[in-house]
There are 2 protein chains.
Amino acid sequence: MFDHCLYFNTTALARQLERVWSEAFKPFDLTPSQAFTLRAVLAKPGMLHSELAGTLRIARATATRAVDGLVARGLLERRSTKQDGRESEIHPTPAALTLKDGLNDASSKVTARLKDELGDGTFAGFVEQAKSIGSHLP
Amino acid sequence: MFDHCLYFNTTALARQLERVWSEAFKPFDLTPSQAFTLRAVLAKPGMLHSELAGTLRIARATATRAVDGLVARGLLERRSTKQDGRESEIHPTPAALTLKDGLNDASSKVTARLKDELGDGTFAGFVEQAKSIGSHLP
DNA sequence: CCCATATAGTTGCATAGCTAACCAATTGAG
DNA sequence: CTCAATTGGTTAGCTATGCAACTATATGGG
């Protein structure tokens with residue numbers, strides 16, 4: 001019925017992938033959103049909220065809530081900057097640091113598995129196209 | 001940072017497309033989900049909830065709620081079937097019938113515009129790949 | 001015929017996302 | 001220097017989605 005619809009097929013695929021990545025991060029008891037938020041901060045400790053929103057391509061409000069959740073879980077903490085009283089830096093706690101390699105490994109593993117199952121070229125080509133299409137949209 | 005991640009890029013694109021299609025259906029005061037639900041039922045009046053869930057590739061519970069919303073808006077109605085007391089058919093109301101062509105036109109228009117902006121081959125190829133990847137996932 | 005099992009749909013609870021409106025701090029034009 | 005405009009972040013309120021547990025109705029084996 002919506003066989004040729006870009007919206008329909010992309011959103012449906014996104015929901016399927018949500019399930020696959022949920023499974024991958026389940027050992028850490030983190031959802032994909034939480035895991036990606038954490039990975040972003042672990043890759044650049046001290047980043048600001050707006051920077052996180054940009055990195056994750058989500059709205060600032062959503063970034064606020066993602067950080068709230070991980071602060072409550074004891075994995076992130078906020079520190080206000082000296083220079084600008086509006087900003088606050090996001091830092092991983094020691095507990096988060098112990099997860100860093102595991103999270104990155106879990107991601108690599110699921111990626112490698114899918115590349116294997118789908119074919120390496122298909123995989124990379126699709127991701128490139130997704131980025132290219134996104135770059136043409138508002 | 002997540003430049004080569006299938007999950008990340010697909011979900012990010014899905015969110016962008018959500019915005020584009022929201023705009024397309026705004027004249028009808030319908031969200032994309034509502035519009036697609038309605039289009040599915042208009043294409044096959046009397047379909048059952050589980051069939052709708054299958055068509056839209058969403059969970060049955062989500063289909064229940066989508067129909068709830070459109071029943072409240074006076075666009076759909078439920079009718080229990082004679083044969084099986086568990087089932088209920090979903091039918092468009094007369095109000096919904098007047099929207100049918102408009103909705104399908106709006107979809108065609110946004111699709112045509114994107115095909116034009118992205119290139120016809122890119123568009124179709126991407127959709128095919130999305131379906132193919134989905135078909136390899138659980 | 002009756003109970004165990006299966007199926008259609010619903011409900012409860014939770015997550016993630018958005019926009020719009022807001023607060024607080026900074027900046028800059030006059 | 002002061003006040004208007006901007007900017008970083010938060011809050012409120014909404015939608016869509018999922019899973020798990022539930023209700024109610026069939027159905028089929030003994």
Side-chain angles (χ1 to χ4, degrees), chain A residues 7-8 10-23 25-26 29-38 46-54 56-73 76 78-90 138, chain B residues 7-8 10-23 25-26 29-38 46-54 56-73 76 78-90 138:
Chain A
Y7 168 83
F8 179 78
T10 304
T11 53
L13 178 59
R15 291 192 295 272
Q16 280 182 282
L17 292 172
E18 187 78 28
R19 240 177 261 144
V20 174
W21 260 258
S22 290
E23 207 53 49
F25 292 122
K26 187 165 281 178
D29 192 30
L30 293 171
T31 62
S33 285
Q34 293 174 326
F36 277 79
T37 301
L38 206 42
M47 81 197 310
L48 304 179
H49 289 71
S50 45
E51 198 176 352
L52 178 64
L56 298 180
R57 298 213 246 144
I58 56 181
R60 280 178 310 156
T62 306
T64 294
R65 301 238 154 85
V67 172
D68 285 347
L70 292 169
V71 167
R73 293 270 305 258
L76 293 181
R78 293 182 164 105
R79 295 186 205 154
S80 42
T81 63
K82 321 284 171 189
Q83 304 83 358
D84 189 327
R86 290 169 302 182
E87 298 177 339
S88 69
E89 295 179 347
I90 313 169
Chain B
Y7 168 83
F8 179 78
T10 304
T11 54
L13 177 59
R15 292 192 294 271
Q16 280 183 281
L17 291 172
E18 187 78 27
R19 242 178 257 142
V20 174
W21 259 259
S22 289
E23 207 52 50
F25 291 123
K26 188 164 280 177
D29 192 29
L30 293 170
T31 62
S33 284
Q34 293 174 325
F36 277 80
T37 301
L38 205 43
M47 80 198 309
L48 303 178
H49 288 71
S50 45
E51 200 178 350
L52 177 64
L56 298 180
R57 299 213 245 143
I58 55 181
R60 280 177 312 154
T62 306
T64 295
R65 299 218 159 101
V67 172
D68 285 348
L70 293 169
V71 166
R73 292 269 307 257
L76 293 181
R78 292 182 165 106
R79 294 185 206 155
S80 42
T81 63
K82 321 285 171 186
Q83 303 83 359
D84 189 329
R86 290 168 302 181
E87 299 175 338
S88 68
E89 295 178 346
I90 312 167

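Chain naming here is simple, since letters A, B, ... match the order of the sequence lines and numbering starts at 1 in each.
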- Task: Check whether the side chain of A:Arg65 and the base of D:dG9 form a donor-acceptor pair under 3.5 Å.
- Result: no
- Item | Minimal non-hydrogen separation, B:His49 against B:Thr64, with atom names | CD2-CA, 4.3 Å
- Item | Whole-Å distance separating the NZ atom of B:Lys82 from the C1' atom of D:dA26 | 18 Å
- Heavy-atom pair of closest approach, residues A:Leu48 and A:Ser88: CD2-O, 3.6 Å
- B:Arg15 side chain to A:Arg57 main-chain N or O, any donor-acceptor pair under 3.5 Å? yes
- Note on the structure: Whole-Å distance, A:Leu56 CG to C:dG17 P, equals 8 Å
- Query: Within the structure shown, what part of the strands sits under 4.0 Å from A:Ser33 by heavy-atom distance: base, sugar-phosphate, or nothing?
  - Reply: sugar-phosphate
- Query: OP1, OP2 of D:dA16 versus side-chain N and O of B:Thr62: anything below 4.0 Å?
  - Reply: no
- Query: With distance as the sole criterion, is a donor-acceptor pair present between the side chains of B:Glu87 and B:Thr81 under 3.5 Å?
  - Reply: yes
- Test A:Arg78 against A:Asp68 for salt bridge (Lys or Arg N to Asp or Glu O under 4.0 Å), laying out the working first. CA-CA 9 Å; A:Arg78 293 182 164 105; A:Asp68 285 347; 3.0 Å; yes
- Task: Show your working on salt bridge (Lys or Arg N to Asp or Glu O under 4.0 Å) between B:Glu23 and B:Lys26 and close with a plain yes or no.
- Result: CA-CA 5 Å; B:Glu23 207 52 50; B:Lys26 188 164 280 177; 3.7 Å; yes
Just the table, please: protein N/O against nucleotides 7-9 of chain C N/O, every pair under 3.5 Å.
| unit_1 | atom_1 | unit_2 | atom_2 | d |
| --- | --- | --- | --- | --- |
| C:dT7 | O2 | B:Arg86 | NH1 | 2.8 |
| C:dG9 | OP1 | B:His49 | N | 3.3 |
| C:dG9 | OP1 | B:Ser88 | N | 3.2 |
| C:dG9 | OP1 | B:Ser88 | O | 3.4 |
| C:dG9 | OP2 | B:Ser50 | N | 2.7 |
| C:dG9 | OP2 | B:Ser50 | OG | 2.9 |
| C:dG9 | N7 | B:Arg60 | NH1 | 2.5 |

- Query: Is there a donor-acceptor contact under 3.5 Å from the side chain of B:Thr62 to the main chain of B:Ile58?
  - Reply: no
- Task: Rounded off to whole Å, could you give me the NZ-to-P distance for the B:Lys26 and C:dC18 pair?
- Result: 15 Å
- Message: Nearest whole Å is fine: how far is D:dA16 C1' from B:Leu70 CG?
- Response: 13 Å
- Short side-chain to backbone donor-acceptor contact, A:Thr10 and A:Tyr7, under 3.5 Å: no
- Task: Could you tell me whether B:Ala66 contacts a base, only the sugar-phosphate backbone, or nothing, with contacts defined as non-hydrogen atoms closer than 4.0 Å?
- Result: nothing
- Compare side-chain N and O positions of B:Thr31 against OP1 and OP2 of D:dT15 and report whether any pair is under 4.0 Å apart. no
- Message: How many whole angstroms separate atom CG of B:Asp68 from atom P of D:dT17?
- Response: 14 Å
- In whole angstrom, give the distance that lies between atom CZ of A:Phe25 and atom P of C:dA16. 13 Å
- Note on the structure: Expected list for residues 10-21 of chain A near DNA chain D, using heavy atoms below 4.0 Å, is A:Arg15, A:Arg19
- Please report, rounded to the nearest Å, how far the P atom of D:dG18 is from the CD atom of A:Glu23. 16 Å
- Between A:Ala63 and B:Gly85, which is nearer to the 5' end of DNA chain D once each is assigned its nearest nucleotide? A:Ala63
- Task: Nearest whole angstrom, please: distance from the C1' of D:dC19 to the CD1 of B:Ile58.
- Result: 14 Å
- Query: Reckon B:Ala59 touches a base, only the sugar-phosphate, or nothing at all at heavy-atom distances under 4.0 Å?
  - Reply: sugar-phosphate
- Between B:Pro32 and B:Glu18, what is the shortest heavy-atom contact and its length? CG-OE2, 3.6 Å
- Message: Could you report the tightest heavy-atom contact between B:Phe36 and B:Leu56, atom names first, then the distance?
- Response: O-CD2, 3.8 Å
